[in-house]
Structures are given as structure tokens and as C-alpha cells.
Asker: 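A single structure is presented below for examination.
Residue numbers start at 1 and run along the sequence shown. Values in this document were obtained by computation on a predicted structure and should not be read as measured data. What you see below is based on every heavy atom in this structure, not just the backbone, and it leaves out hydrogens, waters and symmetry mates.
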Amino acid sequence: MRLDQFSGIVAFVKVAEAKSFTRAAAELGVAPASLSEAVKGLEERLGVRLLNRTTRSVGLTEAGAQYLDHVRPAAEDIRAAGAALREARDRPAGTLRLSLPWIAAPLLIEPLMRPFMDACPEVRLSLIFDDSFVDIAAEGFDAGLRIGELLDKDMIGARLGGPLQMVVVGSPDYLARNGTPKRPADLAAHRCIAFALTRAISPWEFIVEGREVAFTPDACLVVNTLPLCITAAEQGLGLAFAVEGLAAPLLASGALVKVLEPFCSAYEPLHLYYPSRRLVPPKLRAFIDFVRANAHKLRI
């Protein structure tokens with residue numbers, strides 16, 4: 001059976017039940033001529049007449065009656081499925097599958113996970129953390145989260161929060177033992193804790209006399225998660241370059257101290273990205289709206 005033989009089945013069932021193209025078209029919200037063409041096309045593909053038409057009435061042929069008995073349950077299932085989708089299209093429900101960098105766990109997910117799930121109890125979250133770039137369409141994700149300036153050009157981005165302020169931090173004990181750097185160039189004399197997603201260490205970016213300056217530390221410790229960079233700095237192992245929001249609790253308690261503040265830059269805000277602006281699923285729209293409404297509670 002060719003795929004196009006399914007075309008017109010719902011139209012045929014509706015006309016057979018209403019015994020009128022006009023009434024069936026009104027119920028379906030289409031023009032009678034369009035309905036007539038759909039049924040005619042179905043008859044041509046099947047090679048049999050399904051309906052007897054006169055100027056006053058529409059009736060089933062013997063073949064049409066037999067065909068109706070077979071296809072009516074399927075047509076009912078199709079109509080029920082459509083009705084269910086229409087009913088759910090404005091209600092957040094189903095599994096929301098997100099691809100996120102590890103930085104999003106403490107900054108975004110941990111503070112909002114329970115409040116969001118309480119607000120949208122029919123949404124199930126599937127959170128996959130991976131700092132590498134992911135083809136969200138190919139991997140079956142509804143959306144991904146990345147730093148704004150790194151978005152693919154063919155993606156729609158929804159900004160979440162403000163710019164990510166970077167800081168250089170160290171423990172009071174480390175600074176007492178090793179001194180406090182005054183300029184980015186002084187870092188060459190310090191023990192540094194570096195972040196590396198691959199083998200290449202991510203450079204520390206500063207603004208010096210209006211110019212961007214990149215410093216790649218000769219690190220005493222290299223890790224692939226920013227929270228561990230901050231933990232190592234708290235333990236006095238060296239200086240770390242990290243997002244201020246991640247270090248905020250330790251900065252507030254005095255366990256860490258900021259240095260080189262006048263030179264530290266900011267990264268683009270976090271963006272949730274997805275491949276189409278058309279028909280955004282309610283579960284995704286609800287998540288975007290919830291994060292934006294609660295951004296003032298976050299360290300982003």
C-alpha cells in the first residue's frame with residue numbers, strides 16, 4: 001500500500017457519517033470542494049467508487065460500506081489523537097530533554113529544579129550534562145544551554161540572565177604565603193589552577209588598557225569542571241579563574257578573595273537554544289518563561 005492511500009480517509013468517514021459534503025465540510029472547517037477532491041482522490045487511488053452522489057443526497061456504495069467498517073476505527077483514533085494534541089498544546093507536559101554544560105548545574109538547575117517541577121508537575125526533566133557542543137536535533141534534545149557568543153548561527157537563542165562576570169580567586173592563606181598579584185602579568189609567578197575541556201587549557205581573558213589580553217597559565221593543576229577549580233583554590237592550591245556566580249558563596253564567607261578585579265572581563269550570558277521559533281513546545285516555553293521570571297534569584 002502506498003503512503004498516499006491514507007489521504008482522504010478521514011474526509012471519507014466524515015462525509016459517510018454526515019451523508020453530506022456540506023455538513024461534513026462545516027464540521028471539519030474546510031471548503032466542500034476541498035472535501036470532495038479529497039474523497040475523489042481516495043476513490044481513484046483505491047480504484048473503486050465509495051459514495052453515490054446526487055444533487056440531493058450522498059450514500060455509500062456496497063464497497064464504500066465495507067471500506068467504512070474497516071477504516072472507521074482508525075479514523076476515530078486519528079481524530080482522538082488530534083483532539084488530545086489540541087487539548088495539550090497549551091499545557092506544559094511530557095519529557096523536556098536538555099543538553100547543558102556543567103556550569104549550569106549550580107548556577108541554574110540546582111536553584112530552580114524543584115520550583116519548576118512544582119510549578120509544572122506534568123513535565124518530566126531529562127538533564128544531560130556535557131561541556132562539548134552537541135547537535136541537539138540529531139541527539140533528540142528539545143534544547144541546549146551554552147554561552148551566548150558560542151551559539152550556532154542557525155539556532156534560536158533565548159537569553160537567560162546577564163553577562164557572566166569572571167574573577168580570579170585565591171584563599172587568604174595562599175595570598176598570605178605568595179602575595180597578591182597586582183596586574184595580569186604577575187600571574188606568571190603564581191601557582192594557577194586551570195580549566196581545560198580538552199587537552200588545551202582555556203586562556204584567562206583580561207582587559208588591560210582597553211585591550212583584550214589572554215593569559216594561558218602554566219598550571220599546577222588542570223581540571224575539566226569549574227566548580228573543582230574553585231574548590232582547589234579554596235584549599236589553597238593556587239589561583240583560579242572562574243565565573244563569579246560559582247564562587248559567590250565562598251567569597252561571601254571569606255574562604256576566597258578576589259584579585260585583579262579591575263582587569264577581569266565578562267562572558268556573554270547563558271542562552272537556551274533550539275532549532276525553530278515555530279510551534280515551540282509548551283514544556284519548553286514554560287521552562288524559558290520560568291527561568292526568566294526567576295532570574296533575579298540566580299547568580300547569573
Asker: Are Trp204 and Leu237 in one and the same hydrophobic cluster, where Ile, Leu, Val, Met, Phe, Trp and Tyr link if side-chain heavy atoms are under 4.5 Å apart?
Answerer: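 No, Trp204 and Leu237 fall in different hydrophobic clusters.
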Asker: Verify the cluster assignment for Leu228 and Val168: are they in a single hydrophobic cluster under the rule of side-chain heavy atoms below 4.5 Å apart?
Answerer: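 Hydrophobic grouping puts Leu228 apart from Val168.
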Asker: If you round to the nearest 0.5 Å, how far is CD1 of Ile128 from CD1 of Ile136?
Answerer: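 Going from the CD1 atom of Ile136 to the CD1 atom of Ile128 covers 13.5 Å.
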Asker: If you apply the rule side-chain contact (heavy atoms from CB on, under 4.5 Å), what do you find for Tyr267 with Glu205, and how did you get there?
Answerer: CA-CA 10 Å; Tyr267 289 161; Glu205 297 176 356; 3.3 Å; yes
Asker: Thr95 and Arg124: side-chain hydrogen bond (donor to acceptor under 3.5 Å, both in side chains), yes or no, with the steps?
Answerer: CA-CA 4 Å; Thr95 299; Arg124 297 181 296 276; 3.2 Å; yes
Asker: Would you say Val222 and Met166 are hydrophobically clustered, going by side-chain heavy atoms of ILVMFWY under 4.5 Å?
Answerer: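 Looking at the clustering, Met166 is in a separate group from Val222.
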Asker: In terms of side-chain geometry, is the basic nitrogen of Glu244 or Lys258 positioned less than 4.0 Å from the acidic oxygen of its partner?
Answerer: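 Yes, this pair counts.
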Asker: Might you work through the side-chain contact (heavy atoms from CB on, under 4.5 Å) test for Val169 and Glu234, ending with a clear yes or no?
Answerer: CA-CA 9 Å; Val169 295; Glu234 179 195 11; over 6 Å; no
Asker: Looking at Leu246, Ile193, Val243, Thr225, which hits side-chain contact (heavy atoms from CB on, under 4.5 Å) with Ile230?
Answerer: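 Of the listed options, the one satisfying the test is Leu246.
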Asker: Answer yes or no: is there a donor N or O on one side and an acceptor on the other, between the side chain of Tyr174 and the main chain of Arg191, under 3.5 Å?
Answerer: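 Looks like yes, one N/O pair under 3.5 Å.
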Asker: Is a donor on one side and an acceptor on the other found under 3.5 Å between the side chain of Glu43 and the backbone of Leu51?
Answerer: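 Present.
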Asker: Is there a path of hydrophobic side-chain contacts, each under 4.5 Å between heavy atoms of I/L/V/M/F/W/Y residues, joining Leu251 to Leu107?
Answerer: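 Yes; tracing contacts between hydrophobic side chains, which count when under 4.5 Å, links both residues.
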Asker: Would a distance-only check, ignoring hydrogens and angles, find a side-chain to backbone donor-acceptor pair under 3.5 Å from Ser202 to Ala196?
Answerer: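 No, Ser202 side chain to Ala196 backbone: no donor-acceptor pair under 3.5 Å.
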Asker: Checking the side chain of Arg23 only, and the main-chain atoms of Ala18 only, is there a donor and an acceptor separated by less than 3.5 Å?
Answerer: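 Checking the backbone N and O of Ala18 against the side chain of Arg23, a donor-acceptor pair under 3.5 Å is found.
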Asker: Can you tell me which residue among Phe195, Trp102, Phe241 is in a side-chain contact (heavy atoms from CB on, under 4.5 Å) with Leu226?
Answerer: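 Option passing the side-chain contact (heavy atoms from CB on, under 4.5 Å) with Leu226: Phe195.
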Asker: Does a salt bridge link Glu139 with Arg97, judged by any charged N lying under 4.0 Å from a carboxylate O?
Answerer: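 No, no charged N to carboxylate O under 4.0 Å.
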Asker: Taking the side chain as everything from C-beta on, heavy atoms only, tell me whether Pro184 gets closer than 4.5 Å to Phe215.
Answerer: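 The answer is no; the side chains never approach within 4.5 Å.
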Asker: Measure from the side-chain N and O atoms of Arg177 to the backbone N and O of Gly236, and report whether any donor-acceptor pair falls under 3.5 Å.
Answerer: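 Yes: the side chain of Arg177 pairs with the backbone of Gly236.
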Asker: Could you walk me through whether Val58 and Ser20 pass side-chain contact (heavy atoms from CB on, under 4.5 Å), step by step?
Answerer: CA-CA 6 Å; Val58 175; Ser20 166; 5.6 Å; no
Asker: Between Ser265 and Ile207, is there a donor-acceptor pair closer than 3.5 Å when you use the side chain of the first and the backbone of the second?
Answerer: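 Side chain of Ser265 to backbone of Ile207, a donor-acceptor pair under 3.5 Å: no, none is there.
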